[in-house]
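Data first, discussion second: the structure below is written as structure tokens.
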Amino acid sequence: MTYDKGPHDLGAGSFAWLVPEGHWGESNTGLVRGDGESLLVDTLYDLDHTQEMLDGYAPLTVDHPIRTLVNTHSDGDHWFGNQLVAGEGVEIIASDAAAASMTQHNVDEMIALPHRHDHVGDFIRPIAANFDLSGIVPTPPTHTFSGHLDLDIGGREVRLIEVGPAHTDGDVLIHVPEAGVVYTGDIVFIGGAPLVWTGPISACIAAIDQILALEPTVVVPGHGPLTDSKGVRRVRDYLEHVATEATVRFRAGLTVEEAIDSIDMSAFADLSEQGRIAANVLNVYEELDPERPRADRGEQFSRIAAWELGVTA
Ligand SMILES: [Zn+2]
């Protein structure tokens, strides 16, 4: 899939900065420009990528400085660059639930991953080589909310809609009604497989339905190229397929590993990051069996890495 970084003009003061190819850590941001001020949706995984993005937007923000930054969720590739935007007169906004995970611990965990002497280390090293996590000073929100928050950005209406827990604990959609634009964070991946960390998967499907109900003209996914309702529906199809097939296998008494191995994913074979199926099926099993101990992020990621490398977790 070939597409450019940007900035892409989406109309009515809305823009997107994309990071091809949308793989692990390669996330997108948005800019909503009002009269005399702008709102930024997300920063990037490291300081270099974030600075490049801010420089790309600079001609747009020179007379409309960024006064508001919204982090869609707490994964590092959406907020580790916050320090380059923070400062006097800048409000950083996230959901209460997302803010709880935006910590030094979160940064330290990601820095440690490539140093592991196991399949997780083997899997992450080539990805980590694309980023430089040095110098990151965790810069959390200055304002948090739950549910809905409506903003006026220099006369432009911007609506924040909390849809988590779904992909993570506190996912937020950003809707710009005048532009017909929705910035989805990682509720939507285009070109790569969806990923259900927190779940349940039904909540991710419900979040997708909320996006579709907004009848957007342009959808800016958390990763991958720009899309529309059709692209969003395909993400829904993947999630429905996995939920249905995993449920059948759970009821038939298959182990989670047997389920992962036997679900026919050929309709989605074009997607990268196929190994996410390991976390997604596990999530369905956990929802159906409340007695099952919940896997933490480390175990989920370990299972994805094992699937991708063809080894046993
Ligand atoms: Zn992401």
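Read the numbers this way: they start at 1 and go in the same order the structure lists the ligands and their atoms. Keep in mind the model is a prediction, meaning the values are calculated, not measured.
- Figure legend: cation-pi geometry between Arg276 and Phe189, with NZ or CZ positioned under 6.0 Å from the six-membered ring centre and within 45° of its axis.
- Under 2.8 Å from the Zn ion (ligand 1) lies an N/O/S atom of Asp77, whether from backbone or side chain.
- Note: His8 and Phe15 fail the aromatic proximity criterion, with ring centroids not under 6.0 Å apart.
- Contact annotation: the side chain of Val137 never approaches that of Val107 to less than 4.5 Å [non-hydrogen atoms, C-beta and beyond].
- The aromatic rings of Phe123 and Trp24 stand perpendicular to each other, their planes meeting at an angle above 60°, with 30° marking the opposite boundary.
- Of the angles at the Zn ion (ligand 1), the one spanning NE2 of His223 and NE2 of His78 is 110° when given to 10°.
- The Zn ion (ligand 1) is closest to atom OD2 of Asp186 (considering only N, O or S atoms).
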